[in-house]
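So the structure is just underneath, and the comments pick up after that.
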Amino acid sequence: MSTDFDRIYLNQSKTNGRFRIADSGLGWKGSSSGGSASNHAKGPFLLPATELSTVQWSRGCRGYELKINTKNQGVVQLDGFSQDDFDLLKGDFHRRFDVQLEHKEHSLRGWNWGKTDLARNEMVFAYNGKPTFEIPYKRINNTNLTTKTEVAIEFDIQNEEYQPAGDELVEMRFYVPGVMEDEEDSQESKPKVEGEDVDGDVEMEKPAVKEKSIAENFYEELKEKAEIGEIAGASIVSFQDVFFATPRGRYDIDVYKNSIRLRGKTYEYKLQHRQIQRIISLPKADDIHHLVILSIEPPLRQGQTPYPFLVLQFQKDEETEVELNLEDKEFEENYKDILKKSYDSKTHIVISHVLKGLTGRKVIVPGEYISKYDQCAVSCSYKANEGYLYPLDNAFLFLTKPTLYIPFSDISAVNISRAGTSSTSSRTFDLEVVLRANRGSTTFGNISKEEQQLLETFLKSKNLRVKNEEKEAQTRLQTALGSDSDNDDIDMGSAGEDDESADDEFKASSSDEDVAEEFDSQAEMSSDEEEGSGDERPSKKAKTD
């Protein structure tokens, strides 16, 4: 007869379920009410009795927790028990499986120093013999030796089977001071014979002891326990000393069935195939190099710096010859339709084809746009950064720092501005990309005026709304002046009426000679003006006190 417990959470899941203990092993099934449809579609979790190694009882986030260390399946966490369930669980595990249920108390002092124990299935951080926290190895995605005394651990947040409720911890760093003797080097080094003294004794030179930081030793052990660093021989294909423009450096690339390992001098990265969203292959504008850009989601991280794009740079004519590290039977069954058994071509073509086959992503190549200088990109600047703008068939791509990818589907309008007529601004213009849903705009400046018409034509062919501020300003000026051509007279309102349309209120009172006297400085003065009898002003009165 089995023992059942309701409202139990498996591995910190969002939904609860029923936990059952039977003679054959343990089982858990999600609740039929609540939760997502994907959780309901998953089958029950079963753990055979032969897999049980140790079982621990401790306080958990939802009451009390049952932690099971298995022989081959890592750590299993069951949370949501009440304190009264301890005696019943202890008796069941002892009677059915002959396993003792250990009561484990955690350190609640809140101190951030202690000792680490790399156990069978998890890393335990303890203070005064009491565990402060535990990290299962299967939750560790990557680890890096950031400095001589610091080790960074990145957690796997892409595991579809692990869906915790609330916020998640994505990285943790450990400060590990001190040095130790490198045992491997000391064992390999052998003393050398210096010479022979009078009595025939041989003098031996003491080997130099090589020191290694404790942090480096901890990093290597953790990487081995968590099975992070796959063996290079087990990779499908490897590429050595590849230059990365972002993040800058040289890395060895090991491609595995489900992941990619980047090994540099300082940092190492583990990249799942499902993280690669786009593969872009473009020639660089210098006609010397070729670029392969990988769009990553979620991005790789180096401390506080995220890297949503990886930019690989190759010599344009660099070639490579590789053969896949696969048995003929495995290749025929799994990779025949997506990969080639051997490659002998340009390096960027080989890498693009391998990544396309393993990830199932299409390789994006240059589109229809050709610049004034027969290139697929135009030189421009983004803020204070000089780079190149690639108008692709479905998006804008700016390289290299920062790398920006703007799909045409996210663009509301494109504004062309600053294309003036003065000598300082007539040579360049700015391209402002306005995004939909009020998400702001991105401006690419200092583009050569020679590319303006080509860009306008290309963007209009992609059904984008293009607004040329210079043309609109000229149109407004012509409308204001009312001139359709240079030969037309300027419309000046009533001032431009014909001479024949005289004002009705105006009546001429003199002949042409009078007009001449008024406007002609050489005209003779009339007798009245000479005498000054009619136009003289009366004299002012003298002021009286």
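What you see below is based on every heavy atom in this structure, not just the backbone, and it leaves out hydrogens, waters and symmetry mates. These numbers were taken from a predicted model, which means no experiment stands behind them.
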Would you find a donor on one side and an acceptor on the other, under 3.5 Å apart, between the side chain of Arg139 and the backbone of Asp156? yes
For a quick test of reading the model, state the closest non-hydrogen atom pair linking His348 to Lys316 and the distance between them. NE2-O, 4.0 Å
Could you check, using the six-membered ring where one of them is a Trp, whether Tyr64 and Phe86 have ring centers closer than 6.0 angstrom? no
Pairwise salt bridge (Lys or Arg N to Asp or Glu O under 4.0 Å) hits with a residue in residues 98-112, at least two apart: Glu105-Lys130
Hey, is CD on Glu327 packed in by over 12 heavy atoms from elsewhere, all under 6.0 Å? no
Does atom CZ of Arg96 have more than 12 heavy-atom neighbours from other groups under 6.0 Å away? yes
Tell me, please, which residues at least two apart from Ser381 pass side-chain contact (heavy atoms from CB on, under 4.5 Å). Glu386, Asn446
Flag yes if more than 12 heavy atoms outside Arg248 fall under 6.0 Å of its CZ atom; otherwise flag no. no
How close do Leu310 and Phe244 get, counting heavy atoms only, and between which atoms? CB-CE2, 4.3 Å
Quiz: residues 278-286 side-chain donor-acceptor pairs under 3.5 angstrom, not counting sequence neighbours:
from: Ser281; atom 1: OG; to: His290; atom 2: NE2; distance (Å): 2.8
from: Lys284; atom 1: NZ; to: Gln313; atom 2: OE1; distance (Å): 3.0
from: Asp286; atom 1: OD1; to: Ile288; atom 2: N; distance (Å): 3.0
from: Asp286; atom 1: OD1; to: His289; atom 2: N; distance (Å): 3.2
from: Asp286; atom 1: OD2; to: His289; atom 2: ND1; distance (Å): 2.9

What pairs with Asp393 under salt bridge (Lys or Arg N to Asp or Glu O under 4.0 Å), at least two apart in sequence or on another chain? Lys462
Exercise: identify the closest heavy-atom pair between Phe125 and Asn112: CZ-O, 4.0 Å
Using modelled atom types and a 3.5 Å cut-off, is there a donor and acceptor pairing between side-chain atoms of Ser352 and backbone atoms of Ile349? no
Counting only N and O atoms by type, is there a donor-acceptor contact under 3.5 Å from the side chain of Asp85 to the main-chain atoms of Ser82? yes
Considering all heavy atoms of both residues, which atom of Tyr269 and which atom of Arg301 are nearest to each other, and what is their separation? CE2-O, 3.5 Å
So, taking the atom named CG in Asp328 and the one named CD in Glu333, what distance separates them when rounded to the nearest 0.5 Å? 11.0 Å
If you measure from CD1 on Ile153 to CD1 on Ile140, what distance do you get to the nearest 0.5 Å? 4.5 Å
Using atom types as modelled and distance alone, determine if a side-chain donor or acceptor of Asp252 lies under 3.5 Å from a backbone N or O of Arg263. no
Taking the side chain from Glu51 and the backbone from Asn72, do they hold a donor-acceptor pair closer than 3.5 Å? yes
What are the two closest heavy atoms between Lys270 and Asn141, and how far apart are they? CD-O, 3.4 Å
Could you work out, with side-chain contact (heavy atoms from CB on, under 4.5 Å) as the rule, every residue matching Ser24, not counting sequence neighbours? Ala22
Salt bridge (Lys or Arg N to Asp or Glu O under 4.0 Å) with Lys225: which residues, sequence neighbours excluded? none
Contacts of Glu332 that satisfy side-chain contact (heavy atoms from CB on, under 4.5 Å) - sequence neighbours left out: Lys336
Compute the centroid of each ring, for Trp111 and then for Tyr127, and state whether the two points are separated by less than 6.0 Å. yes
How many angstroms lie between CD1 in Ile21 and CZ in Phe93, if you round to the nearest 0.5 Å? 4.5 Å
Should the heavy atoms of other residues, nucleotides or ligands under 6.0 Å from CZ of Arg173 be counted, would the total exceed 12? yes
Partners meeting side-chain hydrogen bond (donor to acceptor under 3.5 Å, both in side chains) with Asn69 (sequence neighbours left out): Thr54
Spatial distance of atom CD1 (Ile351) from atom NZ (Lys346) [nearest 0.5 Å]: 14.5 Å
Please report the closest heavy-atom contact between Phe398 and Asn385, naming both atoms and the distance. CZ-O, 3.9 Å
Can you measure from CG (Leu10) to OG1 (Thr15) and round to the nearest 0.5 angstrom? 9.0 Å
Within the structure provided, determine whether Leu26 and Trp28 are in side-chain contact (heavy-atom separation under 4.5 Å). no
If you count heavy atoms of other groups shown closer than 6.0 angstrom to NZ of Lys257, is the number above 12? no
Candidates Ile214, Asn144, Thr146, Thr143 - the one meeting side chain to side chain contact (heavy atoms under 4.5 Å, CB included) with Val151: Thr143
Sorted by chain and number, sequence neighbours left out, side-chain hydrogen bond (donor to acceptor under 3.5 Å, both in side chains) with Tyr219 holds for Lys223
For a 4.5 angstrom cut-off between non-hydrogen side-chain atoms, does Leu312 reach Phe243? no
Tyr137 side chain vs Ala119 backbone, donor-acceptor pair below 3.5 Å: yes
Under the rule for salt bridge (Lys or Arg N to Asp or Glu O under 4.0 Å), what residues qualify as partners of Arg439, not counting sequence neighbours? Asp410
If the condition is ring pair (Phe, Tyr, Trp, His ring centres under 6.0 Å), which residues does Tyr343 pass it with, not counting sequence neighbours? His353
So Val237 and Asp254, do their side chains get closer than 4.5 Å, heavy atoms only? no
Could Arg62 and Tyr9 be counted as a cation-pi pair, given that NZ or CZ must be under 6.0 Å from the ring centre and within 45° of the axis? yes
Among residues two or more places apart or on two chains, list those pairs meeting salt bridge (Lys or Arg N to Asp or Glu O under 4.0 Å) that have a residue in residues 66-80. Lys67-Glu122, Lys67-Glu134
Could you check whether Tyr390 and Phe396 have their ring centres less than 6.0 Å apart? no
Donor-acceptor contact present, side-chain Asn121 to main-chain Thr70, <3.5 Å: yes
Given 3.5 Å as the limit, does a donor-acceptor pair link the side chain of Gln275 with the main chain of Ile296, or not? no
Count the heavy atoms belonging to other residues, nucleotides or ligands that lie under 6.0 Å from CG of Asp6, then report whether that count exceeds 12. yes
Under 3.5 Å, is there a donor-acceptor pair between the side chain of Ser259 and the main chain of Tyr256? no
Closer than 3.5 angstrom, by distance alone: can the side chain of Ser235 be matched with the main-chain N or O of Ser238 as a donor-acceptor pair? no
Roughly how far, to the nearest 0.5 Å, is the OH atom of Tyr251 from the CD atom of Gln240? 15.0 Å
